[in-house]
Amino acid sequence: MTAARLDSDPAPHAVLSAELARELCAETGLTVAELAQRLVPYAKQLARPVLSGFPVGAVALGTSGALYYGANLEFAGTALPFTVHAEQSVTTNAWNHGEEGLPLLAVSAAPCGYCRQFLWETAGAGAMEVHVGTAPATSLSPGLLPAPFGPRDLDVAAALLTPQQVALTLDEPDD
């Protein structure tokens with residue numbers, strides 16, 4: 001693996017393993033935050049903005065050290081509120097890979113109000129570092145979301161990305 005990989009196809013499956021992310025940081029001298037920012041244009045290429053024409057890419061660092069891609073996905077014939085935002089996409093990608101927190105998010109455009117609230121409801125959101133383009137890093141709250149309200153305010157202990165056991169049972173049908 002060489003640093004030239006950054007200029008080719010750095011995450012063909014929208015995930016960079018923690019090992020590969022560490023290798024790339026060591027080879028390039030980039031911090032993980034700088035690497036995430038460098039990968040945002042690749043994530044942005046996955047966007048499907050058929051309604052807005054505004055592609056958004058996001059790269060999130062999971063607590064495991066892996067990096068995940070996300071992009072906005074819009075669907076013809078629907079209203080914009082029924083789209084998947086890049087921040088939702090990257091969070092779902094990380095969650096599907098077993099992540100339990102996202103300490104860092106790099107995104108090509110400032111998260112909208114809906115996404116700021118969505119991110120606030122993830123595990124560890126209070127410590128999330130957000131990078132928008134080349135602007136200095138900021139916190140989710142109070143930087144992007146002043147006076148947040150979330151699960152903790154409702155005495156809900158589990159947040160999105162919090163591992164949970166669900167005791168689902170299926171009854172046998174009566175014959």
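Scored by the ring pair (Phe, Tyr, Trp, His ring centres under 6.0 Å) test, H85 finds Y114 as partners (sequence neighbours excluded).
A donor-acceptor contact shorter than 3.5 Å links the side chain of Q37 to the backbone of G133. For E74 (side chain) and T83 (main-chain N/O), no donor-acceptor pair under 3.5 Å exists by modelled atom type. Of the possible polar contacts, none joining the E87 side chain to the A58 backbone as a donor-acceptor pair under 3.5 Å is found. The backbone N or O of A47 lies less than 3.5 Å from no partner atom in the side chain of N72, so there is not a single donor-acceptor pair.
Proximity of L104 to V130: side-chain heavy atoms (C-beta onward) are nowhere separated by under 4.5 Å. By the 4.5 Å heavy-atom criterion applied to side chains, T28 and L35 are not counted as neighbours. At a threshold of 4.5 Å between non-hydrogen side-chain atoms, the residues T78 and L51 count as touching.
Both L105 and F118 belong to a single network of hydrophobic side chains, linked directly or stepwise wherever heavy atoms of I, L, V, M, F, W or Y lie under 4.5 Å apart. Cluster membership check: V40 shares its hydrophobic cluster with L30, using side-chain heavy-atom separations under 4.5 Å among Ile, Leu, Val, Met, Phe, Trp and Tyr. Under the 4.5 Å side-chain heavy-atom criterion for Ile, Leu, Val, Met, Phe, Trp and Tyr, L73 and V59 are members of distinct hydrophobic clusters.
The structure places CG of L119 at 5.0 Å from CE of M128, a figure rounded to the nearest 0.5 Å. Remark: E27 CD to L20 CG distance equals 8.5 Å, nearest 0.5 Å. Put simply, OG1 on T63 and CG on L161 are 8.5 Å apart, with the number rounded to the nearest 0.5 Å. Rounded to the nearest 0.5 angstrom, E23 CD and S17 OG are separated by 7.0 Å. Interatomic distance, CZ of F75 versus CZ of F82, reported as 12.0 Å (0.5 Å rounding). The distance from atom CG of L46 to atom CG of N93, rounded to the nearest 0.5 Å, is 9.5 Å.
Here the shortest heavy-atom pairing between A33 and H131 reads CB-NE2, 3.7 Å. Considering all non-hydrogen atoms of both residues, L61 and P103 come closest at O-CD, 3.0 Å. Of all non-hydrogen atoms in L67 and A21, the two that sit nearest each other are CD1-CB, 4.0 Å. Across all non-hydrogen atoms, the minimal contact from G62 to L102 is CA-CD2, 4.0 Å. Closest of all the heavy-atom pairs between A71 and A43 is CB-O, 3.5 Å. Minimum interatomic distance between V90 and Y68 (heavy atoms only, all atoms of both residues): CG2-O, 3.2 Å.
A donor and an acceptor atom, one from each side chain of E100 and T162, are nowhere located under 3.5 Å apart. Between the side chains of E129 and S139, no donor-acceptor pair of N or O atoms lies under 3.5 Å.
Within a 6.0 Å sphere centred on CZ of F54, other residues, nucleotides and ligands contribute 12 heavy atoms or fewer. Within a 6.0 Å radius of CD in E19, no more than 12 heavy atoms belonging to other residues, nucleotides or ligands are found.
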*Audit row: Y69, L39, side chain to side chain contact (heavy atoms under 4.5 Å, CB included) steps and yes/no*: CA-CA 8 Å; Y69 286 16; L39 295 173; 3.7 Å; yes
Would you mind writing out the side-chain donor-acceptor pairs for residues 140-160 within the sub-3.5 Å range, not counting sequence neighbours?
from : atom 1 : to   : atom 2 : distance (Å)
S141 : OG     : L145 : O      : 2.9
D153 : OD2    : G150 : N      : 2.8

